[in-house]
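To start, the structure itself, in structure tokens.
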Amino acid sequence: MMLIFICLALVWLFVQYFEKKRQDRLEEQHERRAEAYDRLLETLKNREENEAENNKAKD
């Protein structure tokens, strides 16, 4: 009976450990995607500003 309890406790610890690692990976992935999205928005903003300046220079 004690052996079953120990095995169940080990399984529970492993599940918790791997779930925490999975959550950490998901959080890092979310942060990378958010940073990439911010960079994309900044690039698009700069591109629009450059196009507007080029159009003013041509006129």
Side-chain angles (χ1 to χ4, degrees):
M1 186 67 169
M2 188 62 118
L3 183 61
I4 293 173
F5 177 75
I6 291 171
C7 289
L8 288 175
L10 285 175
V11 167
W12 184 79
L13 288 173
F14 279 127
V15 167
Q16 293 299 315
Y17 173 76
F18 287 116
E19 180 64 19
K20 182 171 176 7
K21 287 185 69 102
R22 187 179 73 85
Q23 288 295 331
D24 291 344
R25 272 195 321 271
L26 289 174
E27 185 177 326
E28 289 173 11
Q29 200 174 53
H30 177 72
E31 290 174 5
R32 284 194 306 268
R33 287 180 180 167
E35 290 170 1
Y37 183 72
D38 289 341
R39 286 193 306 269
L40 176 63
L41 289 177
E42 187 66 31
T43 302
L44 292 174
K45 179 182 170 189
N46 291 340
R47 186 178 189 187
E48 289 176 356
E49 289 174 354
N50 289 340
E51 287 178 358
E53 289 175 8
N54 289 341
N55 289 338
K56 285 182 183 178
K58 288 181 183 178
D59 294 334

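This is a predicted model, so every value here is computed, not measured. For the single chain, residues carry numbers from 1 onward in sequence order.
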Give the cluster check for F5 versus L10: same hydrophobic cluster or not, with ILVMFWY residues linked at side-chain heavy-atom distances below 4.5 Å. yes
Side-chain contact, heavy-atom cut-off 4.5 Å: Y37 with R33? no
State, with a plain yes or no, whether a side-chain heavy atom of E35 is found less than 4.5 Å away from one of D38. no
Decide, yes or no, whether a salt bridge links R22 with E19 under the criterion of side-chain N to carboxylate O below 4.0 Å. yes
Could you grab the distance from atom CG of N46 to atom CD of E42, nearest 0.5 Å is fine? 4.5 Å
Rounded distance [0.5 Å steps], CG in L41 versus CZ in R39: 11.0 Å
State whether a side-chain donor-acceptor pair under 3.5 Å links E27 with Q23. no
